[in-house]
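Below is one structure, written out as structure tokens, with a few remarks after it.
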Amino acid sequence: MLNTDPELYGLYLGILALLVVATVAGFYLEWKVTTPRGRDTVANLNARVRAWWLMCGVFAVANLTGTLSTIALFALLSFLALREFVTLTPTRQGDHRSLLFIFFCLMPLQYLLVGVQWYGLFSVLVPVYAFLFIPTMNALQGDPKHFLERTSKLQWSAMICIYCLSHAPALLMLEIPGYEGENAKLLLFLVLVAQLSDVLQYVWGKTTGKRAIAPHISPNKTIEGFIGGVSSATLVGTLLWWATPFHPFVAWLMALIIGLAGFAGGLTMSAIKRDRGVKDYGSLIEGHGGVLDRIDSVCFAAPLFFHVVRFFFSTV
């Protein structure tokens, strides 16, 4: 059912305005910058802006057309992220049945539980039942070579790409007094702050960054970029308090949690890429790499944000 919340449409109009400004600025910089290094940076920024038009459009359509379409979108993102993660971490034949279970049983069931709002099983399906079932299934295949490493990869892929990400659409199941029927804005708040933090960390890092936080993991992540990006995104989240069930100070705190968790997600997933010797998880999104490169911050931020909101504000 189409969402009729005028505040939600107002938020998307604001995002549209930002994209227009970014596009115009990109054209200006493309005309103004002449150095080879500067032109490469501008080309990358413009590619990211073009990708943002598509990503924001797809998310807006899903978010505005109701709960089922939103859940379906995140289920698709989980599938694509799983495919990228598994491709990056090769498996053996003894893992194939576990992979079939993860892709075609575990993932659909997790999102089905979101759809029927069965919080009790949703919260333990992956970290308890799947955590125990996957190594058992692998052991039954009779291949002990690198068993712990192989099993851990499968468990990690299920936790990050399914369990953690599914907490984003699960925000729609929360019952918050005085905020009934407005949870789509809460989901947008999470995604907007997490993604803005990523973008602004990149911008601040490119313009003022000098000291790398973890040069061997992610050389482009700097202390200046981290502070500037998280602070700026937190400020935006605070200014959007009116679209949430939070008072301004609580909105600031929630936005800060999202920004810090998102940074942790980006850094952690970068460590996995460096371990595998690749720059990106994929090449599906122009300027951004793969799906998992774009949603790594949301994967870490979503479960933290969900449980803080549920514990302090929800009756579910």
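Position 1 is the first residue of the sequence, and the numbers go up from there. All values below come from the heavy atoms of this structure, side chains included, with hydrogens, waters and symmetry mates left out.
No option in Val291, Val191, Ile285 other than Ile285 meets the side-chain contact (heavy atoms from CB on, under 4.5 Å) test with Met55. Test Trp241, Tyr179, Phe313, Phe312 against Phe246 for ring-ring contact (aromatic ring centres under 6.0 Å, His included) and you get one pass: Phe313.
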### Query
Does the pair Leu19 and Cys56 meet the rule for a side-chain contact (heavy atoms from CB on, under 4.5 Å), with working shown?
CA-CA 9 Å; Leu19 288 174; Cys56 288; 4.1 Å; yes
### Query
Given Asp95 and Lys153, is the salt bridge (charged side-chain N to carboxylate O under 4.0 Å, His left out) satisfied, shown in steps?
CA-CA 10 Å; Asp95 305 320; Lys153 290 176 183 176; over 6 Å; no
### Task
Mind running side-chain contact (heavy atoms from CB on, under 4.5 Å) on Val193 and Val236 for me, showing each step along the way?
CA-CA 7 Å; Val193 173; Val236 172; 5.7 Å; no
### Task
Would you check, one step at a time, whether the test side-chain hydrogen bond (donor to acceptor under 3.5 Å, both in side chains) holds for Tyr111 with Ser166?
CA-CA 7 Å; Tyr111 282 96; Ser166 68; 5.1 Å; no
#### Entry: Check against side-chain contact (heavy atoms from CB on, under 4.5 Å), Leu121 and Tyr129
CA-CA 10 Å; Leu121 186 55; Tyr129 297 109; 4.0 Å; yes
### Message
Using the rule given for side-chain hydrogen bond (donor to acceptor under 3.5 Å, both in side chains), can you reason through Ser314 versus Glu175, listing the C-alpha separation, both sets of side-chain angles and the distance that settles it, and then say yes or no?
### Response
CA-CA 5 Å; Ser314 176; Glu175 296 177 5; over 6 Å; no
### Full working for side-chain hydrogen bond (donor to acceptor under 3.5 Å, both in side chains) between Gln195 and Arg294
CA-CA 8 Å; Gln195 296 299 320; Arg294 186 66 274 141; 2.7 Å; yes
### Task
May I have the step-by-step check of side-chain contact (heavy atoms from CB on, under 4.5 Å) for Arg150 and Arg92, ending in yes or no?
CA-CA 8 Å; Arg150 289 163 36 221; Arg92 291 170 59 86; 3.5 Å; yes
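Inter-residue side-chain proximity for Gln110 and Val126 is flagged as met; some heavy-atom pair is nearer than 4.5 Å. Counting heavy atoms from C-beta on, the side chains of Thr65 and Asn3 never come closer than 4.5 Å. Residues Phe263 and Phe300 form no side-chain contact, since every pair of their non-hydrogen atoms from C-beta on lies 4.5 Å or further apart. Within the 4.5 Å cutoff, the side chain of Asn46 has no heavy atoms near those of the Phe27 side chain. Side-chain atoms of Thr35 and Val33, non-hydrogen and from C-beta on, do get closer than 4.5 Å to each other. Side-chain atoms of Thr222 and Phe226, non-hydrogen and from C-beta on, never get closer than 4.5 Å to each other. Leu186 is listed as a side-chain neighbour of Ile176, based on a closest heavy-atom distance under 4.5 Å. Residues Phe147 and Pro135 have side chains in contact (heavy-atom distance under 4.5 Å, counting atoms from C-beta outward).
In this structure, Trp118 places its CH2 atom where only 12 or fewer heavy-atom neighbours from other residues, nucleotides or ligands lie under 6.0 Å away. Counting heavy atoms of neighbouring residues, nucleotides and ligands inside a 6.0 Å radius, atom CZ of Arg97 does not exceed 12 of them. For Arg83, the CZ atom is loosely surrounded, since the number of other residues' heavy atoms within 6.0 Å does not exceed 12. No more than 12 heavy atoms of other residues, nucleotides or ligands sit less than 6.0 Å from atom CD of Gln93.
In the hydrophobic clustering of ILVMFWY residues, with side-chain heavy atoms under 4.5 Å counting as a link, Leu239 and Ile15 come out apart. Note on Leu109 and Ile162: same hydrophobic cluster, where clusters join Ile, Leu, Val, Met, Phe, Trp and Tyr whose side-chain heavy atoms are under 4.5 Å apart, directly or indirectly. Hydrophobic cluster membership is shared by Ile160 and Leu99, with clusters built from Ile, Leu, Val, Met, Phe, Trp and Tyr side chains linked at under 4.5 angstrom. Hydrophobic cluster membership is shared by Phe311 and Phe306, with clusters built from Ile, Leu, Val, Met, Phe, Trp and Tyr side chains linked at under 4.5 angstrom. Criterion: ILVMFWY side-chain heavy atoms under 4.5 Å apart, direct or through other members. Under it, Leu80 and Val61 are not part of a common hydrophobic cluster.
For the residue pair Gln201 and Ser197, a side-chain donor N or O sits within less than 3.5 Å of a side-chain acceptor on the partner. Ser232 and Trp204 share a donor-acceptor pair across their side chains, judged by distance under 3.5 Å alone.
Between the CD1 atom in Ile223 and the OG1 atom in Thr208 there is a gap of 11.0 Å [rounded to 0.5 Å]. With values rounded to the nearest 0.5 angstrom, Thr244 atom OG1 is found 10.0 Å from Glu7 atom CD. Taken from CD1 in Ile102 to SG in Cys161, the straight-line distance is 9.5 Å, to the nearest 0.5 Å. A distance of 6.0 Å separates CG in Leu113 from CG in Leu125, rounded to the nearest 0.5 Å. Interatomic distance, Leu11 CG to Phe189 CZ, rounded to the nearest 0.5 Å: 10.5 Å. Separating the CE atom in Met254 from the CG atom in Leu240 is a distance of 14.5 Å, to the nearest 0.5 Å.
Summarising the geometry of Ile295 relative to Leu77, their closest heavy-atom pair is CD1-O, 4.5 Å, with the distance given to 0.1 Å. Across every non-hydrogen atom of Glu84 and Gly282, the tightest pair is OE2-CA, 4.4 Å. Closest of all the heavy-atom pairs between Gly94 and Gln141 is O-CG, 3.1 Å. Scanning both residues, Asn138 and Ser98, for their nearest heavy atoms gives OD1-OG, 2.6 Å. Here the shortest heavy-atom pairing between Asp198 and Ser297 reads OD2-OG, 2.9 Å. In this structure, Ala255 and Ala233 approach most closely via the heavy-atom pair CB-O, 4.4 Å.
Of the possible donor and acceptor atoms, none in the side chain of Arg39 sits under 3.5 Å from a partner among the backbone N and O of Thr34. Side chain of Arg310 to backbone of Thr315: no donor-acceptor contact under 3.5 angstrom is found. Judged by distance alone, with hydrogens and angles left aside, the side-chain atoms of Ser231 form no donor-acceptor pair with the main-chain N or O of Gly228 at under 3.5 Å. Proximity of a side-chain donor or acceptor of Glu30 to a complementary backbone N or O of Tyr28 within less than 3.5 Å is not detected. In this structure, Tyr163 contributes its side chain and Ser123 its backbone to a donor-acceptor pair below 3.5 Å. A donor-acceptor pair is defined here as one N or O able to donate and one able to accept, closer than 3.5 Å; such a pair exists between the side chain of Thr70 and the backbone of Ala62. Under the 3.5 Å distance criterion, the side-chain polar atoms of Asn183 are matched with a main-chain donor or acceptor of Leu174.
Relative orientation of the Phe122 and His167 rings is tilted, given thresholds of 30° and 60° on the angle between their planes. Note: Tyr281 and Phe85 have parallel aromatic rings, judged against thresholds of 30 and 60 degrees for the angle between ring planes.
For Phe101 and Phe133, the ring centers are positioned less than 6.0 Å apart.
By the 4.0 Å N-to-carboxylate-O rule, Arg211 lies close enough to Glu224 to be salt-bridged with it.
For the ring-ring contact (aromatic ring centres under 6.0 Å, His included) condition, the pairs that include at least one residue of residues 41-74, sequence neighbours left out, are Trp52-His288.
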